[in-house]
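Written below as structure tokens is the structure these notes are about.
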Amino acid sequence: MKRIAYYDTIVPQMQDQWPIKKALTLSDVDITHPFLTLSRQQVETHILLNMTQQQQDQLRSVGQVDFNARDDDTGEMYLMKLKWRGSYYNLIGKWGKVVRGKGLDVGQEIRIRWANGCLHFSVPQQQIVPVPPIRMVAAPLIQDHWPIKKVLTLSDVDTNHPFLPLPRRSVEDHILVYWSQQQREQLRKEEQVNVNARDYDNGEIYLMKLKWRGNYYNLIGKWGTIIRQKGLGVGKEIRLRWANECLYFSVPQERYIAAASGQESWPIKKVLTLSDVDTNHPFLTLPGKAVEDHILFYWTPQAREQLRNEHQVSVNARDEDTGDLYLMKLRWRGSYYNLIGKWGKIIRGKRLHVGKEIKLRWENGCLLFSVPQ
């Protein structure tokens, strides 16, 4: 675990204020592998800031921290753990007992806050969203009904490491919801399941695998073959849906989306988190899709190949606010990228802190960034 610097700032909490709200997904209510996934920014902003120094030190040193959690609906107390997973956190411990005891299901909204040294949570009954029973779709496929759509990035069309990552929420809402309980159990236990995939554009059928990767799913197997046969490239849009016990996909030729960059535009914007401004382990985390669409898109094939092989590449970076130049490194971390090198110097020089917004773009072979005052 990379260490994270936390602050002792105490943020006052109001009894009726719930800064963290989440609609439960299939993986959140899976009692065979019980954990609740929470976004890193929410946890670091609304929970970690209010923990004691001892709890923060424990999280830094062992990657997880113990604390008390209170069900505000019933008054029950639980001993829970918060586990750091890199780009997100898992709430574990007695989460399976909470799921069973409250009868939690997909679509219910959980609300969370930190107050008085304790994690409080609530799942109001009026927040329950009715979920239709699991069933297999027998209706004919509708051509313009594609609930999952994704613009392909560089890593999506990399034939050296062929896989298509899909957001967990999309997969669980539009694919797994139609699976049997046995199929979902197999996916959770074995972390991958064979699926038939049909190319709606030409009728070809492929034996694929859907692999669970925590906060997303990978479509693997014959994905490299599909990339080559369909001539897939960055900017093309793939559409997917589940019907008749098969995964259908389509890549209409007219759906090519060209990327563009203007000198005055900032296509990448991010609100800085605690880990972004940690001078002990300085790195700026950037979403994979944003980097691939607005930075790597303009690189030469040789530079992109170097990044894939060596996992990092040196880049020139210029502070547009001051004109200062820095030699940095862009490091590939799979689903995201880290900007390292002189980032710690930039944090101190610009006095960056949580909540500041940084803007980035690629121009004339240089990474430009700005943090307006």
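Throughout, numbering of the chain's residues begins at 1 and tracks the sequence. What you see is a predicted model, and the numbers here were worked out from it, not measured in a lab.
Considering every non-hydrogen atom in both Pro372 and Lys356, the closest pair reads O-NZ, 3.7 Å. In plain terms, the two heavy atoms of Leu119 and Ile47 that are nearest each other are CD1-CD1, 3.8 Å. Closest non-hydrogen pair, Arg70 versus Gly75, comes out as NH2-CA, 3.8 Å. Nearest approach of Ala317 to Phe369, heavy atoms of both residues: CB-CE2, 4.1 Å. The heavy-atom pair separating Trp223 from Pro162 by the smallest distance is CD1-C, 3.7 Å.
A heavy-atom distance below 4.5 Å is found between the side chains of Ile92 and Gln64. Side-chain contact between Met80 and Phe121 is absent, with no heavy-atom pair separated by less than 4.5 Å. Counting heavy atoms from C-beta outward, Leu240 and His174 have side chains that stay 4.5 Å or more apart. With a 4.5 Å cut-off on side-chain heavy atoms, Ile295 and Ile268 count as touching. Leu210 places a side-chain heavy atom less than 4.5 Å from the side chain of Leu176. When side chains are defined from C-beta on, Leu164 does not count as touching Ile227, because their heavy atoms never get closer than 4.5 Å. With a 4.5 Å cut-off on side-chain heavy atoms, Ile175 and Ile148 count as touching. A heavy-atom distance below 4.5 Å is found between the side chains of Leu36 and Ile112.
Gln41 and Tyr88 share no donor-acceptor pair across their side chains, judged by distance under 3.5 Å alone. Side-chain polar atoms of Glu185 and Gln181 form a donor-acceptor pair below 3.5 angstrom. No side-chain donor-acceptor contact under 3.5 Å links Asp278 and Ser275. In this model, a donor atom of one side chain and an acceptor atom of the other lie less than 3.5 Å apart for Lys329 and Ser314. If you check the side chains of Lys209 and Asn194, you find a donor sitting under 3.5 Å from an acceptor. No side-chain N or O of Gln42 forms a donor-acceptor pair with one of Tyr89 less than 3.5 Å apart. For the residue pair Thr37 / Arg168, a side-chain donor-acceptor distance below 3.5 Å is found, with atom types taken as modelled.
More than 12 heavy atoms of other residues, nucleotides or ligands shown are found within 6.0 angstrom of NZ on Lys230. The number of heavy atoms from other shown groups lying within 6.0 Å of CG (Asn202) is above 12. Crowding of Lys222 atom NZ: a count of heavy atoms from other residues, nucleotides or ligands under 6.0 Å not exceeding 12. The environment of Lys345 atom NZ is sparse: at most 12 non-hydrogen atoms of other residues, nucleotides or ligands sit within 6.0 angstrom. Within 6.0 Å of NZ on Lys350 lie more than 12 heavy atoms contributed by other residues, nucleotides or ligands. For Lys94, the NZ atom is loosely surrounded, since the number of other residues' heavy atoms within 6.0 Å does not exceed 12. In the displayed structure, Arg213 atom CZ is contacted under 6.0 Å by at most 12 heavy atoms of other residues, nucleotides or ligands.
Gln58 pairs by the side chain to side chain contact (heavy atoms under 4.5 Å, CB included) definition with Val62, Val65, Asp66, not counting sequence neighbours. With sequence neighbours excluded, the residues forming a ring pair (Phe, Tyr, Trp, His ring centres under 6.0 Å) with Trp299 are Trp362, listed by chain and number.
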Could you go step by step and tell me if Asp73 and Val123 meet the side-chain contact (heavy atoms from CB on, under 4.5 Å) rule?
CA-CA 7 Å; Asp73 305 326; Val123 185; 4.2 Å; yes
For a side-chain hydrogen bond (donor to acceptor under 3.5 Å, both in side chains) check, start with the C-alpha distance between Asn160 and Glu305, then their side-chain angles and the critical distance, and finish with the verdict.
CA-CA 10 Å; Asn160 294 319; Glu305 189 65 24; 3.3 Å; yes
Does Val354 form a side-chain contact (heavy atoms from CB on, under 4.5 Å) with Glu44? I'd like the steps, not just the answer.
CA-CA 10 Å; Val354 174; Glu44 293 180 349; over 6 Å; no
Yes or no on ring-ring contact (aromatic ring centres under 6.0 Å, His included) for Trp146 and Tyr248, after CA distance, side-chain angles and deciding distance?
CA-CA 9 Å; Trp146 300 96; Tyr248 286 77; 7.3 Å; no
What do the steps show when you test Phe297 against Thr153 for side-chain contact (heavy atoms from CB on, under 4.5 Å), and what is the final call?
CA-CA 9 Å; Phe297 184 86; Thr153 64; over 6 Å; no
Please evaluate residues Lys150 and Asp156 with respect to the criterion salt bridge (charged side-chain N to carboxylate O under 4.0 Å, His left out), reporting the C-alpha separation (whole Å), side-chain torsions for both, the decisive distance (0.1 Å), and the verdict.
CA-CA 10 Å; Lys150 183 184 184 185; Asp156 296 334; 3.1 Å; yes
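Gln56 contributes a side-chain N or O that, together with a main-chain N or O of Met51, makes up a donor-acceptor pair within less than 3.5 Å. At distances below 3.5 Å, not a single donor-acceptor pair connects side-chain atoms of Asp201 with backbone N or O atoms of Ser250. Remark: side-chain polar atoms of Asn196 are not paired, donor with acceptor, to backbone N or O of Ile205 under 3.5 angstrom. Although no hydrogens or angles enter the test, the distance criterion places a donor-acceptor pair under 3.5 Å between the side chain of Gln55 and the main chain of Thr52. Gln183 places a side-chain N or O within donor-acceptor distance of the main-chain N or O of Ser180, the cut-off being under 3.5 Å.
Linking ILVMFWY residues whenever their side-chain heavy atoms come closer than 4.5 Å, directly or via other members, places Val234 and Tyr298 in the same cluster. In the hydrophobic clustering of this structure, Ile238 does not group with Tyr216; members are Ile, Leu, Val, Met, Phe, Trp, Tyr whose side-chain heavy atoms approach within less than 4.5 Å, directly or through other members. Val195 and Phe163 fall into different hydrophobic clusters, where Ile, Leu, Val, Met, Phe, Trp and Tyr residues are linked whenever their side-chain heavy atoms come under 4.5 Å apart, directly or through other members. In the hydrophobic clustering of ILVMFWY residues, with side-chain heavy atoms under 4.5 Å counting as a link, Val99 and Tyr78 come out together. Under the 4.5 Å side-chain contact rule for hydrophobic residues, Tyr178 and Leu247 share a cluster.
Under 4.0 Å is where a charged nitrogen must lie from a carboxylate oxygen, and between Arg318 and Asp324 no such pair does. Comment: Arg308 engages Glu292 in a salt bridge, judged by a side-chain N to carboxylate O separation of less than 4.0 angstrom. Electrostatic pairing of Arg188 and Glu172 counts as a salt bridge here, judged by a charged N lying under 4.0 Å from a carboxylate O.
Classification of the Tyr206-Phe249 ring pair by plane angle, with boundaries at 30° and 60°, yields tilted.
Taking the centre and axis of the six-membered ring of Trp266, the NZ or CZ atom of Arg361 falls inside the cone set by 45° and 6.0 Å.
Note: Phe67 and Trp114 meet the aromatic proximity criterion, with ring centroids under 6.0 Å apart.
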